[in-house]
Amino acid sequence: KAGVTQTPRYLIKTRGQQVTLSCSPISGHRSVSWYQQTPGQGLQFLFEYFSETQRNKGNFPGRFSGRQFSNSRSEMNVSTLELGDSALYLCASSPGPDRANYGYTFGSGTRLTVV
Amino acid sequence: AQTVTQSQPEMSVQEAETVTLSCTYDTSENNYYLFWYKQPPSRQMILVIRQEAYKQQNATENRFSVNFQKAAKSFSLKISDSQLGDTAMYFCAFMIWGNMLTFGGGTRLMVKP
């Protein structure tokens, strides 16, 4: 059974550009969440999607957006990149909203560097 | 809002020894879930152990066990018979049903041969 797949693994972008990160959940999982990991702020929740609907959103500016497709794959987009957006972006999937009992399965993340 | 604090940024232990990682949290909720995740250099977060707040019995998974003190809002992780493969960042995390994970700042554990 394939795990959570995030692409690309590494990305270098210039300030002001935009970027799209992709996450393919485990087959059958319909809930996808995104987290940002930085040395300074640690792990912070970005947003969660279930059945193509955003259910929760973290405290991030509107430059951060996401979506989920009918096959449960999810993308997140960051527009007008800033140096502070450099981070490891982790995606996690779960069979459904009951993540406390089903748990999350995380991907290996996308390392974004903004120069 | 919930907060999770891990007071030990780094720890080391000799192979085959036992080590305990500390975690405290703050919440006004009564029903919640606590987790320990491991993040090796491969970057993937791996669930180590999970505890439901309404269960008084401490969770155990092979060499990993927790000491859950609900009144003290403490949730420490004990690793017995430490192995080189246990070297990783360890994160304590909190969740209310239906919500997101709130993570602590992490503890870097080094297992020495």
Side-chain angles (χ1 to χ4, degrees), chain A residues 2-11 21 23 25-26 31-50 53-60 66 87-113, chain B residues 1-10 21 23-27 29-55 59 61 64 66 68 75 88-108:
Chain A
V4 177
T5 303
Q6 291 189 247
T7 56
R9 276 185 65 83
Y10 299 92
L11 203 51
L21 312 182
C23 171
I26 289 174
S31 173
V32 173
S33 298
W34 290 88
Y35 289 81
Q36 181 196 64
Q37 185 176 17
T38 61
Q41 298 298 317
L43 283 146
Q44 295 184 286
F45 170 75
L46 280 157
F47 24 65
E48 180 217 346
Y49 288 89
F50 175 70
T53 301
Q54 187 179 88
R55 283 170 45 89
N56 283 307
K57 189 176 191 302
N59 189 25
F60 278 82
L88 179 66
Y89 290 88
L90 291 166
C91 169
S93 77
S94 179
D98 186 9
R99 297 179 300 284
N101 286 307
Y102 291 126
Y104 276 123
T105 301
F106 281 85
S108 295
T110 293
R111 171 80 65 191
L112 171 65
T113 301
Chain B
Q2 286 66 232
T3 58
V4 179
T5 303
Q6 294 178 247
S7 59
Q8 306 149 315
E10 292 187 4
L21 309 184
C23 172
T24 58
Y25 58 93
D26 188 26
T27 183
E29 300 288 333
N30 193 47
N31 294 317
Y32 49 87
Y33 301 80
L34 294 162
F35 306 84
W36 278 97
Y37 280 89
K38 167 186 176 180
Q39 187 178 39
S42 66
R43 307 181 329 200
Q44 184 180 17
M45 299 283 278
I46 301 166
L47 179 64
V48 174
I49 202 164
R50 168 182 168 276
Q51 175 80 43
E52 298 163 11
Y54 63 87
K55 288 187 177 179
E61 287 288 341
F64 300 88
V66 297
F68 173 48
F75 184 61
M89 282 290 292
Y90 285 82
F91 292 93
C92 178
F94 173 101
M95 178 191 281
I96 299 171
W97 194 97
N99 282 341
M100 72 296 292
L101 282 166
T102 298
F103 288 92
T107 296
R108 186 177 302 278

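What you see below is based on every heavy atom in this structure, not just the backbone, and it leaves out hydrogens, waters and symmetry mates. In what follows, every chain begins at residue 1, and chains take the letters A, B, ... in the order their sequences are listed. Worth saying up front: this structure is predicted, and the values here are computed from it rather than measured.
- Looking at A:Thr110, only its backbone comes within 4.5 Å of chain B, counting heavy atoms on both sides.
- Looking at A:Gln44, neither its backbone nor its side chain comes within 4.5 Å of chain B, counting heavy atoms on both sides.
- By number of non-hydrogen pairs under 4.5 angstrom with chain A, the leading residue of B:Ile46, B:Leu47, B:Asn99 is B:Asn99.
- The ring-ring contact (aromatic ring centres under 6.0 Å, His included) search around B:Tyr90 returns none, not counting sequence neighbours.
- The interface of residues 30-38 of chain B with chain A, defined by heavy-atom distances below 4.5 Å, comprises B:Tyr33, B:Phe35, B:Tyr37.
- Checking side-chain atoms of A:Tyr104 against main-chain N and O of B:Met45 turns up no donor-acceptor pair under 3.5 Å.
- The salt bridge (charged side-chain N to carboxylate O under 4.0 Å, His left out) search around B:Arg50 returns B:Glu52, not counting sequence neighbours.
- The part of A:Arg55 that comes within reach of chain B is its side chain, from C-beta onward, which places non-hydrogen atoms under 4.5 angstrom from that chain.
- A search for salt bridge (charged side-chain N to carboxylate O under 4.0 Å, His left out) contacts involving B:Arg108 returns nothing, not counting sequence neighbours.
- Both the backbone and the side chain of B:Met100 come within contact range of chain A, with heavy atoms under 4.5 Å apart.
- Ranked by heavy-atom pairs shorter than 4.5 Å toward chain A, the options B:Gln44, B:Gln39, B:Arg43 are led by B:Arg43.
- The shortest heavy-atom contact between A:Tyr35 and B:Leu101 is OH-N, 2.9 Å.
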